[in-house]
Peer 1: 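Below: one structure in structure tokens.
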Amino acid sequence: ATENTQQELDVLVVGAGFAGIYQLKHLRDLGYKALLVDNGSEYGGTWYWNRYPGIRVDTSAPQYQFSDPDLRKDFEFKQRFPGGVEIRKYLKHVTERWDVRKDTKFDTYIASAAWDNEATKWSATAADGTTYRAKFLVLCTGCLVDEFVPKWKDVDKYTGQFFHSSSWPRKAPNFKGKKVAVIGTGASAVQIIQELANAVDELTVFQRTPNTALPMRQVDYDEVNKPIPEDEVRESLAVRMKSFCGFDFTFLPRKCFEDTPEKRLQTYENLWKEGDFKYWLGTYIDTLFVEEANRECYNFWRDKTRARIHDPKVADLLAPMEPAYAFGTKRIPLEQGYFEIFNSPHVELVDLKATPIERFTEKGIKTSAEEMPFDIVIAATGFDALTGSLTRINLHGKDGTLLKDQWKDGVKTYLGLTAHNFPNLFFQYGPQAPSVLCNGPTCAELQGNWVIETITHCRDHGISTIEATEAAEEEWRGNVVQLAGASLLMGTNSWYVGANIPGKLREPLVYLGGVPKYYENLNAVRDHGYEGFVLEGGDGTRVS
Ligand code: NA7
């Protein structure tokens, strides 16, 4: 074991998913001494940890990749929406091509990091005692990482198998002949339920809030359905900074009621047929902002979905006549035959609003209505999204304050990338950025390029520290709050507003101005000499 060893670096990058891999490759190309560390034992981040059956990306393959055309010369996705195994293969290919392994250290959890005022460096300590001293710390720690398992009474007394969707046992459980429960109906649950429905004897799904899952429209690429040709892929990647959520499509340039009812119906039908997130993020521009427009969108979804469910009582739970919340204000899962599963006699849907879980028992779950035995219980109950992976690290700022304490009365960031009191620290996919409303690779590159440019600006101008001002943070937070307040998002209990974690402050955690506006903001800050930051030279003199 290494004990108290020390490594001097220009940049320490934490987290070996898309964002971290991109950072390492490009920082190294510019001559920085950079190291990438990760708690896991391989590349992948989310795709390393999440191993449940059916795991798949809800973004189509041409969009879910880096833009570097060289990477496509000898790699081709086999499905429109690739599964976890294929994504890990892709990342293996990328990391080999970019030759990043020699500067990556796995099985390394950074539990704490502190800013050293004198040395103007970060000092990060791994669980094994190694200290990394780096001029810059870049956290690419993901936005859906810190697992949330509700504190059910007596869960420790349950003797069957129990695990969170994101901690799927590496030795896959045998589901044959088993009675299995899935708690939750978010994107993870949908994918798990679709796989387990055919593998288990009996499946019980515990639903608290209905989702509004949309048809994925998967395509297996083969001789008939050929993969998208390279020139089209290039074109589609070229437009993603112009799309609200970083895809090759965006909201329609018109409002819902600007179309006649006939035209609207046709528009909905077309989007519906295309699959992907188009019915959510490629529809009328006012859908997430205006109640009546939102309701139109919900009604079409509801009618399409109810037609797939045989029992009207089950349909009332899965796709109620009155929406449980505004359409699209919770992350919409993409599905493949999800709703039909509930027509099977061996699948049961439990409505947790009517019959909540009271406690666990030795054999299973006791709701207010009955006790139900299970061999396996899966909690697909989500994550402490956006802030969890940052606040769980003991990050000490300039004055020693922990980031989690600094944020206890509300998250404050500048540009969703930096925080006052934390010089030379950048975080990606964090709060107050497009993050979960941005295609992952798009934002890995967008934010990643900006961070790399900024670090390079400092190097080229003899700047040793760059720190956001409190005023800039206030203004950015105001901006985030205002944008979210104009939308329907704040009215829904979702992890976009921190409402899924008991005790977590309810506040907008996502920047709702869209990718193009965000991109503009980042560029403007750079072009105006890093407005909103204090930059200091090596001798402590203020550069700007
Ligand atoms: P999500 O989207 O947070 O879904 C969690 C689900 O678990 C959701 O249906 C919740 O219902 C449910 N939940 C949470 N707490 C409870 C309790 N206490 N009792 C019953 N049900 C509960 O997480 P996912 O893992 O599905 O998806 C996360 C992201 O990963 C996804 O967006 C993709 O980007 C990949 P609720 O709606 O809160 O009533």
Side-chain angles (χ1 to χ4, degrees), residues 17-18 44-47 49-52 54-59 64 81 83-84 87 142-153 155 163-168 181-194 204-214 216 245-246 277 280-281 317-318 320 323-326 328-335 338 349-360 365 367-368 377-386 388-389 429 434-441 443 492-504 506 509-510:
F18 273 83
T46 285
W47 304 106
W49 294 108
N50 284 271
R51 300 294 179 104
Y52 59 77
I55 182 156
R56 187 170 298 291
V57 66
D58 283 347
T59 297
Y64 204 74
F81 296 92
I87 294 170
C143 46
L144 293 151
V145 174
D146 205 12
E147 292 174 9
F148 169 62
V149 180
K151 292 198 170 28
W152 289 294
K153 190 161 178 270
V155 71
F163 47 86
H164 185 272
S165 56
S166 184
S167 286
W168 204 266
V182 175
I183 308 175
T185 51
S188 301
V190 165
Q191 296 186 337
I192 291 168
I193 290 163
Q194 287 171 172
T204 305
V205 175
F206 290 86
Q207 172 183 285
R208 185 165 69 180
T209 315
N211 64 42
T212 53
L214 291 169
M216 173 179 268
C245 289
F277 284 138
W280 178 26
L281 303 169
L317 294 178
L318 291 172
Y325 51 90
T329 55
K330 270 177 182 280
R331 163 63 150 79
I332 294 189
L334 295 187
E335 55 85 25
Y338 175 72
L349 182 64
V350 174
D351 174 13
L352 288 177
K353 288 253 161 74
T355 56
I357 293 174
E358 286 183 345
R359 60 188 165 86
F360 274 62
I365 291 173
T367 68
S368 62
V377 175
I378 299 156
T381 42
F383 304 88
D384 181 359
L386 292 148
S389 65
Y429 296 167
S435 298
V436 287
L437 282 178
C438 176
N439 174 28
C443 274
T492 299
N493 287 331
S494 77
W495 46 258
Y496 292 150
V497 300
N500 66 325
I501 304 294
K504 190 167 174 174
R506 193 193 175 96
L509 294 173
V510 198

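Atoms within a ligand are numbered from 1 in the order they appear, just like the ligands themselves.
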Peer 1: Can you tell me which residue and heavy atom of the protein come closest to atom 4 (O) of ligand 1, and the distance to 0.1 Å?
Peer 2: Gly186 CA, 3.6 Å
Peer 1: Please say whether Phe383 places an N or O atom under 3.5 Å from an N or O atom belonging to ligand 1.
Peer 2: no
Peer 1: Out of Ser166, Pro502, Ser494, Ser188, who is nearest to atom 26 (O) of ligand 1 when you count heavy atoms only?
Peer 2: Ser188
Peer 1: Taking non-hydrogen atoms only, is Ala187 closer than 4.0 angstrom to ligand 1 via side chain, backbone, both or neither?
Peer 2: both
Peer 1: On the 0 to 90° scale, with breaks at 30° and 60°, tag the Phe163-Trp168 ring pair as parallel, tilted or perpendicular.
Peer 2: perpendicular
Peer 1: I want to confirm something. Looking only at heavy atoms, which of Trp152, Phe148, Trp495, Tyr52 is nearest to atom 1 (P) of ligand 1?
Peer 2: Trp495
Peer 1: Tell me: protein heavy atom nearest atom 37 (O) of ligand 1, and distance?
Peer 2: Lys330 NZ, 2.7 Å
Peer 1: Centroid separation under 6.0 Å, is that true for the rings of Phe383 and His164?
Peer 2: yes
Peer 1: Looking at every heavy atom in both Leu352 and Phe206, which two are closest together, and how far apart are they?
Peer 2: CD2-CD2, 3.6 Å
Peer 1: What part of Leu352, side chain from CB on, backbone N/CA/C/O, both or neither, has a heavy atom under 4.0 Å from ligand 1?
Peer 2: side chain
Peer 1: Can you tell me if Thr185 uses its side chain to pair, donor with acceptor, with the backbone of Thr209 under 3.5 Å?
Peer 2: yes
Peer 1: So, do Tyr496 and Val436 sit near enough that their side-chain heavy atoms are less than 4.5 Å apart?
Peer 2: yes
Peer 1: Which protein non-hydrogen atom lies closest to atom 36 (P) of ligand 1, naming both residue and atom, and how far is it?
Peer 2: Thr209 OG1, 3.4 Å
Peer 1: Output the list of atoms in ligand 1 that are nearer than 4.0 Å to some heavy atom of Thr185, sorted by atom number.
Peer 2: 6 (C), 8 (C), 9 (O)
Peer 1: Tell me: protein heavy atom nearest atom 23 (O) of ligand 1, and distance?
Peer 2: Gly382 CA, 3.2 Å
Peer 1: Under 3.5 Å, N or O to N or O, is Arg331 touching ligand 1 that way?
Peer 2: yes
Peer 1: Under the side-chain hydrogen bond (donor to acceptor under 3.5 Å, both in side chains) test, which residues partner Asn211, sequence neighbours left out?
Peer 2: none
Peer 1: Which atoms of ligand 1 are found less than 4.0 Å from any heavy atom of Ile183?
Peer 2: 20 (C), 21 (N)
Peer 1: Check each atom of ligand 1 against the heavy atoms of Gly184 and keep those under 4.0 Å away; list them by number with element.
Peer 2: 6 (C), 7 (O), 9 (O), 12 (C)
Peer 1: Residues in disulfide bond (SG atoms under 2.5 Å apart) with Cys438, at least two apart?
Peer 2: Cys443
Peer 1: In the protein, which heavy atom is nearest to atom 18 (N) of ligand 1, and how far is it?
Peer 2: Pro150 CG, 3.2 Å
Peer 1: Using a 4.0 Å cut-off to any heavy atom of Leu144, which atoms of ligand 1 qualify?
Peer 2: 29 (C), 30 (O), 34 (O)
Peer 1: What closest approach, in Å, do Asn500 and Phe148 show between heavy atoms, and which atom pair accounts for it?
Peer 2: O-CE2, 3.6 Å
Peer 1: Where's the contact between Gln207 and ligand 1, heavy-atom distance under 4.0 Å: side chain, backbone, both or neither?
Peer 2: neither
Peer 1: Starting from atom 5 (C) of ligand 1, what is the nearest protein heavy atom, named by residue and atom, and what distance separates them?
Peer 2: Ala380 O, 3.3 Å
Peer 1: Testing Ile193, Ile192, Val190 one by one against Val205 for a side chain to side chain contact (heavy atoms under 4.5 Å, CB included), which residue passes?
Peer 2: Ile193
Peer 1: Please state which protein non-hydrogen atom is closest to atom 17 (C) of ligand 1 and give its distance, to 0.1 Å?
Peer 2: Arg208 NH1, 3.5 Å
Peer 1: Between Ser188 (side chain) and Ala380 (backbone), is there a donor-acceptor pair under 3.5 Å?
Peer 2: no
Peer 1: So does Gly440 get a backbone contact from the side chain of Tyr429, meaning a donor-acceptor N/O pair under 3.5 Å?
Peer 2: yes
